[in-house]
Amino acid sequence: MKSNVTSKNFYKGDPKKVAKNLLGKSLIRKLRDDTLEGIIVETEAYYGLEDPASRAYKGLKKYNKMMWSEPGRIFIYNVHNNWMLNIVAHDLGKIGAVLIRAIEPTRGIETMRMNRPVSKIRDLTNGPGKLTKALRINKKLHGKKVTSKQSEIFVTENNLNFKISSSNRIGVTKDLDKHLRFFIKDNYYLSR
DNA sequence: AGGAAGATCTACT
DNA sequence: GTAGATCTTCCTA
């Protein structure tokens with residue numbers, strides 16, 4: 001199995017394209033004495049000033065300025081007491097990010113369950129706020145790169161076969177008229 | 001000080 | 001499946 005870490009180049013380009021390409025990749029969270037890992041099964045693309053659902057819609061602010069920064073960095077914000085995990089992705093000079101909405105846990109499941117006690121394994125990481133809690137992700141990771149194995153959090157390649165489906169984004173009050181949510185068809189750990 | 005937020009949980013039909 | 005209450009963080013006034 002391939003396990004090369006994703007390159008910065010991987011995150012350069014249209015957020016929509018990057019969102020699709022992130023499916024099936026592994027998200028790895030290094031803790032002090034534990035490694036948590038899962039396969040990305042659901043993502044959403046967000047743009048800049050032209051996207052009313054985007055954190056960048058209202059222009060440059062302190063909390064959203066990461067969306068203007070270097071592709072491959074982590075962009076984290078809080079909503080309703082949940083941390084949202086995004087990876088900055090855009091063409092040079094543009095604005096954008098990909099939200100990780102769900103993962104399929106593959107390693108460190110016992111620790112995840114301690115971080116986020118649930119009765120059903122399915123509920124462990126099948127939502128953006130759920131997976132951040134299970135992986136102990138919070139604002140401290142804001143701005144970190146996912147393109148280095150030295151990082152506390154990074155993304156690696158995989159050789160997996162699957163079908164991609166798409167839909168409108170979830171929970172967004174003003175969505176754009178296109179499909180910007182992508183997910184692995186029929187995966188058990190989708191958020192819905 | 002006030003309010004909004006890309007969600008989650010619970011309690012139902 | 002859907003509806004309503006509720007959580008905290010961080011912005012904006």
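In what follows, chains carry the letters A, B, and so on, assigned in the order in which the sequence lines appear, proteins first and then strands, with residues in each chain numbered from 1. Note that the structure is a prediction, hence the values are computed from the model and not measured.
Applying the 4.5 Å side-chain rule to ILVMFWY residues, one finds A/Tyr47, A/Leu180 in the same cluster as A/Leu176.
One distance of note links NZ of A/Lys144 with OG of A/Ser151; it measures 7.0 Å at 0.5 Å rounding.
A side-chain N or O of A/Tyr11 and one of A/Thr6 form a donor-acceptor pair less than 3.5 Å apart. Of the N and O atoms on the side chains of A/Ser26 and A/Asn158, at least one donor lies less than 3.5 Å from an acceptor on the other residue.
Both A/Leu190 and A/Ile103 are part of a single hydrophobic cluster, where members link through side-chain heavy atoms under 4.5 Å apart.
We find that CZ of A/Arg169 is positioned 14 Å from P of B/dA5, with the value rounded to whole Å. A straight line from OH of A/Tyr57 to P of B/dA5 spans 12 Å, rounded to a whole angstrom.
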Where do N or O atoms of nucleotides 9-12 of chain B meet protein N or O atoms at under 3.5 Å, pair by pair?
from	atom 1	to	atom 2	distance (Å)
B/dC9	OP1	A/Arg116	NH1	3.0
B/dC9	OP1	A/Arg116	NH2	3.2

message: Counting primed atoms plus P, OP1 and OP2 as sugar-phosphate and everything else as base, spell out the protein contacts along nucleotides 8-13 of chain C at 4.0 Å heavy-atom distance: B, S or - for each nucleotide, 5' to 3'.
response: BSSSS-
- prompt: What dot-bracket string describes DNA chain B from 5' to 3', counting Watson-Crick and G-U wobble pairs whose defining distances are under 3.5 Å, with [ ] for crossing pairs and | for pairs to another strand?
  reply: |||||.||||||.
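For A/Arg29 (side chain) and A/Arg136 (main-chain N/O), a donor-acceptor pair under 3.5 Å exists by modelled atom type. Side-chain atoms of A/Asn115 come within 3.5 Å of backbone N or O of A/Ala134 as a donor-acceptor pair.
Pairs of residues two or more places apart, or lying in two chains, that qualify as salt bridge (charged side-chain N to carboxylate O under 4.0 Å, His left out) and include a residue from residues 64-93 of chain A are A/Lys8-A/Glu70, A/Glu70-A/Arg73.
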Can I get a per-line list of side-chain donor-acceptor pairs under 3.5 Å for residues 18-25 of chain A, giving both atom names and the distance, sequence neighbours left out?
from	atom 1	to	atom 2	distance (Å)
A/Asn21	ND2	A/Lys17	O	3.4
A/Lys25	NZ	A/Asn21	O	3.0

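Residues A/Gly96 and A/Pro15 share a closest heavy-atom pair of CA-CG, 4.0 Å.
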